[in-house]
Structures are given as structure tokens and as C-alpha cells.
Amino acid sequence: MPRLALVAALALVASPLLAQDNPFKLPKNKLAAVDVTYAYAGDMTGIAERAISKGRIMSHETTSAKFFGKTTNTDTWTLFTPDSAYSVDLTRKTGTRRPNVLPYMEKAYDDLDGASKQRLHQNMQDMVQMITKAFGTQALTAGEKGETKTYAGEKCQEHSFASFSVCSMQDAPAVPLHLQGNLLCINFEETATTVKRSEPSEAAFTPPAGITFEEDTNLAKPDSMARVFVSYLASQQLADSIAKAKAEMAKQQPASTGGANGQPRELTPEEKAQQQRACESLKNFDLGKTMANAGKSVVGEALHEVEQEKEAEAKNKAKDKIKGLFKKPHL
């Protein structure tokens, strides 16, 4: 299973970056280079490494997770350079290269006028709030600061986003030292175990041997794609769509579930325990086995019906033969 990559990345990006002027511009690190190792806990276990040097970011993650009675193991390697992004599935031995779209999106944002930039920030904040309500969590604004904490001897500033929290290294905001979240009954936690303030080995940024990278044809024109995407985020059209969606959600949400200011109320301890029990049942529920057994049952019943039909047909034929023996003679 991917490491809930999309939403986790959204949490990482939205929290510290929405507060700054250009949300697509990565924060500058005071450290020229850093190498961090991590351990996973919760419903996802495993280890990871992240190395940063000379504008390059490498991540290597080996994880295992169980859901619907199935354990999924993943081993992925990714590399971001100023102009490209590489991703490798080390289990399948496949790789993809695509342009690094962040610089294009950064430029597209800078090209917006003042009103459009303001609307883009408002639209992104509104989307964050909608996601928060959709997942039934307490309302946490993207970029909400928490405590200053310490992991692996390094201090970090905690930010919250819906059901996620990320603690970014003070001297290197692009480096998370702790990431924790809950999504679709999956609880996961990533914690830095070692932090090296030194130049990582060049081997860390070398693509794995034996991998042929395929080009992502969907991003053949990253500059135009970035302009279209950023323009849409800043559009009045999106603002109107969000407003309509929020109105629909308000109609569908029962008044009893709301808390102060119309925000979702916090679950009681009993409700949280009930929710956790339901999640545990889902994790251990073997969907594949259940479907296979159901299929066998259906096939078995069908075969039984066929056998019964054959027996009935044989009995009827036997009766016809017996009746034939006792036919009245023609006089």
C-alpha cells in the first residue's frame, strides 16, 4: 500500500506552506545537507530514509500494512531534483520519470495578480475545511501551529491539518521529524530516529541499478499544465463550486452532529471506542477469503440444483418406462 501518499503529502505541503506568500515554493533550509532515518508505527510498520543535498531530495521507504485481512508490503525509492522527479517500485523493478512541476507552479503563482493570489489562498483554505468536515474531524486550520518538540535530538515546529500533524525541523522546514495521522481506519506514525547534519553519500542519490525509467507522458508540457492548474485554483469558478458544495454539506449534515460555530463536534470516549472496534474489524476482515467462500457457496448450490434436476429427470424417465409396461392392449 502506498504510504497514504496523497493525503500525507497534502498535510506536509498545506500546513507550513499555506502560511507563506507562494504556497508552491519550498521553504529554504538553513542546512546545506541532512540525512534522516525514520521508523513507522501504528497500522503501518517499517523504516525510511530521507537525504537532502544540492537541491535534491531522496526518500526510500520500506513498509508493511494490513487492511481487509491482507498484508501489503511496499519498497519505494523517489528522487526530486530541481528539474525532474523519479519514482521506483523496487518490488516490481519499475521506474517513472516526470518533470518537477513545483518550479513551474511557483512561477505560475508569481504571475497572478494580487486579487487572484488572495482568492487562491482562500480557495485552498476552504478546501482544507471541507476535507476536515468530510472526514468528521475537529476543525483544524492548515498551518495551525502546535508545540515545539524534539526528535532524535533535533527541535521541530508542529503543524496540524485535519487528522494529520507534522513536525518540521527548525533548521530544515522541508524535513519532517514526525508525521502522524489517521485516514480510513489506518493509523500511522513516522518518527525520526537519527539525524545527521552532514553531506549524505552520493550513492544515496544514485538511482537503483537495473531500473529503466519510463517517461510520464501526462506531463509532457509541465509549464502549460502548471499555469492551467494554478489559474483554476485562483479562479472564481472554483470559489463558486466550493461555496455550493459547502451549502450542500450544510444541508446534509444533521444538526445534532454539529458543535460550536457549525463545526463537527468531538466524539465521546464511547464513540471513539466504538469507532476503533469497527476499524479493527475492518483490518482483520479477510475480504478475499469471504468472497472466495461466497463464490464456492454459490457454485456449490448451483451444482446441487443441477444434481437435483438430473435426479428428478431420471425418476420421471423411470416412471414413463413403468407406465409403458402396463399400457392397455389394443382390441
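For this chain, numbers begin at 1 and follow the sequence in order. These values consider heavy atoms only, across backbone and side chains, with no hydrogens, waters or symmetry-generated copies. This one's a predicted model, so the numbers in the text were calculated from it and none came from an experiment.
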Check: If you look at every heavy atom in Ala152 and Ala192, which pair is closest and at what distance?
Finding: CB-O, 3.8 Å
Margin query: Quick check: closest heavy atoms across Glu158 and Lys149, and the distance to 0.1 Å?
Written below: OE2-NZ, 3.3 Å
Note to self: Does Arg197 form a side-chain contact (heavy atoms from CB on, under 4.5 Å) with Leu31? I'd like the steps, not just the answer.
What the structure shows: CA-CA 7 Å; Arg197 290 171 167 261; Leu31 294 178; 3.0 Å; yes
Notebook entry, point to check: Going by atom types only, do Arg56 and Thr81 share a side-chain donor-acceptor pair under 3.5 Å?
Noted result: no
Notebook entry, point to check: Could you give the distance from CD (Glu199) to CG (Asp35), rounded to the nearest 0.5 Å?
Noted result: 9.5 Å
Item checked: Minimum side-chain heavy-atom gap Phe24-Val230 below 4.5 Å -> yes
Item checked: Intermediate values then yes/no, side-chain contact (heavy atoms from CB on, under 4.5 Å), Val34 and Val175 -> CA-CA 9 Å; Val34 64; Val175 178; 3.9 Å; yes
Notebook entry, point to check: According to the ring-ring contact (aromatic ring centres under 6.0 Å, His included) rule, which pairs have a member within residues 83-107, sequence neighbours left out?
Noted result: Tyr86-Phe213
Item checked: Minimum heavy-atom distance between Gln170 and Gln157, given as atom pair plus value -> CG-N, 4.4 Å
Item checked: Separation between OG1 of Thr206 and CE of Met58, rounded to the nearest 0.5 Å -> 10.0 Å
Note to self: Pairing donors with acceptors under 3.5 angstrom, does anything connect the side chains of Thr62 and Asp75?
What the structure shows: yes
Notebook entry, point to check: Side chains of Glu189 and His178: donor-acceptor distance under 3.5 Å anywhere?
Noted result: yes
Item checked: Minimum heavy-atom distance between Leu90 and Thr76, given as atom pair plus value -> CD1-C, 4.5 Å
Note to self: Please report the interatomic distance OG1(Thr78) to CG(Asp89), rounded to the nearest 0.5 Å.
What the structure shows: 12.0 Å
Notebook entry, point to check: Is any side-chain heavy atom of Phe229 less than 4.5 Å from a side-chain heavy atom of Val101?
Noted result: no
Next item on the list: Would you give the length of the straight line joining atom NZ of Lys25 to atom CG of Asp110, rounded to the nearest 0.5 angstrom?
Entry: 7.5 Å
Checklist line | Distance (rounded to the nearest 0.5 Å) between Ile242 CD1 and Met124 CE | finding: 10.0 Å
Notebook entry, point to check: More than 12 heavy atoms of other residues, nucleotides or ligands under 6.0 Å from OH of Tyr151: is that the case?
Noted result: yes
Item checked: Any side-chain heavy-atom pair of Leu219 and Met225 under 4.5 Å -> yes
Notebook entry, point to check: So, does Asn187 use its side chain to make a donor-acceptor pair with the main chain of Asp43 at under 3.5 Å?
Noted result: no
Checklist line | N/O donor-acceptor pair under 3.5 Å between Ser116 side chain and Leu112 backbone | finding: no
Next item on the list: Verify the distance criterion only: is there a donor paired with an acceptor across the side chains of Thr37 and Thr193 at less than 3.5 Å?
Entry: yes
Margin query: I need the Arg97 CZ to Ile211 CD1 distance, nearest 0.5 Å.
Written below: 16.0 Å
Next item on the list: Take atom CD of Gln118 as the centre, draw a 6.0 Å sphere, and report whether it contains more than 12 heavy atoms from other residues, nucleotides or ligands.
Entry: no
Next item on the list: Measure across Pro173 and Asp171 and return the closest heavy-atom pair with its distance rounded to 0.1 Å.
Entry: CD-C, 3.9 Å
Margin query: Testing the basics here: between Ser59 and Arg50, what is the closest heavy-atom pair and its distance to 0.1 Å?
Written below: OG-NE, 3.4 Å
Next item on the list: Could you walk me through whether Ile57 and Leu79 pass the side-chain contact (heavy atoms from CB on, under 4.5 Å) test, one step at a time?
Entry: CA-CA 6 Å; Ile57 303 176; Leu79 174 66; over 6 Å; no
Notebook entry, point to check: Under 4.5 Å between any side-chain heavy atoms of Thr194 and Val36, yes or no?
Noted result: no
Margin query: Checking the side chain of Arg119 only, and the main-chain atoms of Ala234 only, is there a donor and an acceptor separated by less than 3.5 Å?
Written below: yes
Note to self: Taking Asp111 first and then Lys107, would you say they form a salt bridge - that is, a charged N and a carboxylate O separated by under 4.0 Å?
What the structure shows: yes
Note to self: Please identify which of these residues, Thr74, Thr45, Asn73, meets the side-chain hydrogen bond (donor to acceptor under 3.5 Å, both in side chains) condition with Thr63.
What the structure shows: Thr74
Check: Who pairs with Gln237 by side-chain contact (heavy atoms from CB on, under 4.5 Å), at least two apart in sequence or on another chain?
Finding: Tyr232, Ser235
Next item on the list: Could you check if a side-chain atom of Val88 sits within less than 4.5 angstrom of a side-chain atom of Thr94, using non-hydrogen atoms only?
Entry: no
Check: Can you list the steps and then say if Glu190 with Tyr38 is a side-chain hydrogen bond (donor to acceptor under 3.5 Å, both in side chains)?
Finding: CA-CA 6 Å; Glu190 181 185 39; Tyr38 302 88; 5.7 Å; no
Next item on the list: Please lay out, stage by stage, how Arg98 and Ser87 fare under the test side-chain contact (heavy atoms from CB on, under 4.5 Å).
Entry: CA-CA 9 Å; Arg98 55 182 60 89; Ser87 59; 3.5 Å; yes
Checklist line | Flag side-chain contact, heavy atom, 4.5 Å: Pro23 against His121 | finding: yes
Check: Just wondering, do Glu61 and Trp77 contact through their side chains at under 4.5 Å, heavy atoms?
Finding: no
Next item on the list: Check whether any side-chain heavy atom of Lys221 lies under 4.5 Å from a side-chain heavy atom of Pro99, and answer yes or no.
Entry: no
